[in-house]
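Heads up: the structure comes next, in structure tokens.
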Amino acid sequence: MQRFEEVYEVVKLIPKGRATSYGAIAKYLNTGARLVGWAMNAAHGLLDVPAHRVVNRNGILTGKLHFESPTKMQELLEAEGHTIKEDKILKFKEIYWDPVIELDI
DNA sequence: ACCATGACTATAA
DNA sequence: CTTATAGCCATGG
């Protein structure tokens, strides 16, 4: 459980209009990427965790099916200024937010 | 302790 | 594009 807390903290720190990947968070916490996704699943609606800002390394909304509705995640991202095409964030590299760099351990 | 599972990632074919 | 393999780590049976 302690790991989840850290994951939540990092996700909450993601600036609006930015997004990161499971792997980046995993690296920052020095853990596995799958655990991050697992944490998101556990955080599902329980906390104020902007899970929509966390996508896979390609900027694809792999976890959209876990939201209230399959389109909710995309809508939230578009509402923050992102452009979604075929379930993936365009110019993902430009809005990418890496905790390892931004928070600089 | 072992095995299966998963919102992942990397590499290979 | 799809599969397969392997590594990753917490949780549950």
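All values reported here derive from a predicted model rather than from experimental measurement. Naming convention: chains lettered A, B, ... in sequence-line order (proteins, then strands); numbering from 1 in each chain. Side chains included, hydrogens not; waters and symmetry mates left out as well; all remaining heavy atoms used.
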From [atom1] of [X] over to [atom2] of [N], roughly how many Å is that when rounded to an integer?
{"X": "A:Leu76", "N": "B:dA7", "atom1": "CG", "atom2": "C1'", "result": "15 Å"}
{"X": "A:Glu5", "N": "C:dA10", "atom1": "CD", "atom2": "P", "result": "15 Å"}
{"X": "A:Ile25", "N": "B:dA7", "atom1": "CD1", "atom2": "C1'", "result": "11 Å"}
{"X": "A:Arg3", "N": "C:dC8", "atom1": "CZ", "atom2": "C1'", "result": "12 Å"}
{"X": "A:Glu86", "N": "C:dC1", "atom1": "CD", "atom2": "C1'", "result": "13 Å"}
{"X": "A:Trp38", "N": "B:dG6", "atom1": "CH2", "atom2": "P", "result": "12 Å"}
{"X": "A:Phe67", "N": "B:dA7", "atom1": "CZ", "atom2": "P", "result": "13 Å"}
{"X": "A:Leu35", "N": "C:dC8", "atom1": "CG", "atom2": "P", "result": "14 Å"}

- Task: Looking at every strand, decide which applies to A:Ala39 at a 4.0 Å heavy-atom threshold: base, sugar-phosphate, or nothing.
- Result: nothing
With distance as the sole test, does [X] use its side chain to make a donor-acceptor pair with the main-chain N or O of [Y] at under 3.5 Å?
{"X": "A:His66", "Y": "A:Asn41", "answer": "no"}
{"X": "A:Asn58", "Y": "A:Ile60", "answer": "no"}
{"X": "A:Thr20", "Y": "A:Trp97", "answer": "yes"}

- Heavy-atom closest contact (A:Tyr96 atom, A:Ser21 atom, distance): OH-OG, 3.4 Å
- Test: A:Arg53 and A:Glu80 ion pair at under 4.0 Å: yes
- State whether A:Asp48 and A:Lys12 are salt-bridged, where the test is any N-O pair (Lys NZ or Arg NE/NH1/NH2 against Asp/Glu carboxylate O) under 4.0 Å. no
Check the interface with nucleotides 8-13 of chain B: list each N/O to N/O pair with the protein under 3.5 Å, or write none.
unit_1 : atom_1 : unit_2  : atom_2 : d
B:dC8  : OP1    : A:Thr62 : OG1    : 3.3
B:dC8  : N4     : A:Arg34 : NE     : 3.3
B:dC8  : N4     : A:Arg34 : NH1    : 2.5
B:dC8  : N4     : A:Arg34 : NH2    : 3.3
B:dT9  : OP1    : A:Arg57 : N      : 2.9
B:dT9  : OP2    : A:Arg57 : N      : 3.1
B:dA10 : OP2    : A:Arg57 : NE     : 2.8

